Amino acid sequence: MILILQEHVHAGTPAFVAIMEYLARRPGVSVRVQEIKGAQQTLTELYLIGDTATLDREEIADLPGVEQVVRVSREYRILGRHQDDFRPSGFEYNGVAFSQDSFELFPGLCAVDNREHVDRTFAALAAQGLRCARMGAYKPRTSPYAFQGHGAACLPFVFESAGRHGVRVIAMEITHEKHIQEINDALSAVGQPTGVMLQVGTRNTQNFELLKAIGRQQEFPVLLKRGFGISLEESLNAAEYLASEGNQRVVFCLRGVKSSLGDPHRNLVDFAHVPVVKRLTRMPVGVDPSHSVGRRDRGPDGIEDIHHAAAQGVIAGANLVLVDFHPAPAKALVDGPQALTLEELPLFVEDMQIAREAYLKRRAAHERARLPAQETALADTES
Ligand code: PEP
Ligand code: MN
């Protein structure tokens with residue numbers, strides 16, 4: 001059970017103390033307090049665990065200072081979508097809103113190689129009016145001999161260049177908890193010119209200690225990739241790890257699953273799960289067509305598989321697209337074969353806008369079709 005307290009009720013206020021005393025008298029129930037930082041205000045939520053079936057929901061809802069009581073099912077207690085759950089969802093970070101209704105593109109380098117390529121990429125995004133990007137500094141590589149990313153060394157020029165081009169949020173994978181501090185230090189050293197969304201890669205989706213460390217910090221939101229060899233349920237539980245440690249600002253990103261059944265694509269594209277994740281949880285959902293498809297083949301219609309897969313995700317309601325671009329893919333140190341070029345960015349943006357508009361039109365059409373049915377049902381109950 002989750003108790004959302006009224007906005008003026010925080011730890012230490014008389015109403016808070018009275019609620020905690022009430023709960024302390026219930027045997028077998030323990031309470032975890034969480035401060036949820038929203039764009040305008042900080043809300044306090046109480047997570048009750050243990051023998052909550054014995055609690056009287058009505059009585060608790062009537063306690064002074066309680067705004068709302070949500071009875072959660074066992075799954076995804078914090079990030080899940082539960083019955084009668086009107087908790088606000090989504091978040092704002094560095095001036096950009098993320099929710100199940102928002103839409104942002106995150107094009108950029110799979111791996112930062114040099115300053116010039118970073119600068120040219122950000123300039124191309126700025127020319128399209130984009131304010132989010134992907135940039136890989138810490139790369140988890142299959143071979144220990146492959147380029148591992150420039151790590152902390154590239155952060156100052158990446159952040160400085162992002163700020164100069166008006167990029168507000170960079171999705172950046174981290175592979176170790178010490179990278180959080182490195183990113184924080186680098187941002188402070190150059191005067192916070194941009195923001196970072198910490199990315200958990202598919203190889204680390206079930207690295208529980210990393211998840212807990214990222215969940216414990218409130219500075220940065222998180223983009224969690226679906227694990228490529230585990231069930232959707234297991235990946236959603238990984239997201240819940242972040243929330244259970246205190247960080248609810250989580251975007252869930254589909255990126256295909258490992259299966260030879262996906263051949264000739266790098267992974268089997270799983271974007272039909274966009275609405276599933278939106279239904280089961282309140283997280284914004286992203287798609288990564290680059291790591292799903294992994295190659296630049298074109299259909300007989302002249303459209304590349306990467307564009308098709310991205311559009312499939314967006315037309316199904318994806319809120320974010322993470323996609324590899326590179327000024328000179330042949331020179332890229334990681335994943336060059338799947339990178340689109342900067343000259344192709346305007347077409348990609350246009351294609352995604354077409355898919356987004358199609359999704360909004362589909363949603364409106366389905367809503368219109370539902371309305372008469374609902375009105376008839378209402379008239380029946382009234383008569
Ligand atoms: C990436 O986005 O750079 C990446 C390595 O993706 P994934 O973890 O999905 O393989
Ligand atoms: Mn990559």
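Just so you know, these numbers use all the heavy atoms, side chains as well, and skip hydrogens, waters and symmetry mates. No experiment lies behind these values; they were computed from the predicted model shown. Whatever order the structure lists ligands and atoms in, that order sets their numbers, starting from 1.
Close approach to Glu173 involves these atoms of ligand 1, each under 4.0 Å from a residue heavy atom: 4 (C), 5 (C). Each of the following atoms of ligand 1 lies closer than 4.0 Å to a heavy atom of Arg203: 8 (O), 10 (O). Contact atoms of ligand 1 toward Gly201: 8 (O) (distance under 4.0 Å to a heavy atom of the residue). Listed by number with element, the atoms of ligand 1 under 4.0 angstrom from any heavy atom of Arg255 are 7 (P), 9 (O), 10 (O). Which parts of ligand 1 touch Gln199 is read off a 4.0 Å heavy-atom cut-off, strictly below it: atoms 1 (C), 2 (O).
Using a 3.5 Å distance cut-off with no hydrogens or angles, the side chains of Arg266 and Gln338 do pair a donor with an acceptor. Side chains of Gln100 and Arg81: a donor-acceptor N/O pair is present below 3.5 angstrom, by distance only. Counting only N and O atoms by type, the side chains of His273 and Arg226 include a donor and acceptor under 3.5 Å apart.
The side-chain contact (heavy atoms from CB on, under 4.5 Å) with His308 is formed by just one residue from the set Asp301, Asp351, Val293; it is Asp301.
Salt-bridge annotation for Arg296 and Glu344: present, with a side-chain N of the basic residue lying under 4.0 Å from a carboxylate O of the acidic one.
Not a single donor-acceptor pair under 3.5 Å links the side chain of His265 to the backbone N or O of Asn267.
If you check which protein heavy atom lies closest to atom 6 (O) of ligand 1, you get Lys225 NZ, 2.8 Å. Among all protein heavy atoms, the one lying closest to atom 4 (C) of ligand 1 is His291 NE2, 3.5 Å.
Nearest to atom 8 (O) of ligand 1 by heavy-atom distance, out of Thr202, Val334, Val323, is Thr202.
Note on ligand 1: Arg226 sits outside its first shell, no heavy atom being nearer than 4.0 Å.
Residue Asp335: an N/O/S atom is found under 2.8 Å from the Mn ion (ligand 2).
For an aromatic pair to be called close, the ring centres must be under 6.0 Å apart, and Tyr241 with Phe208 satisfies this.
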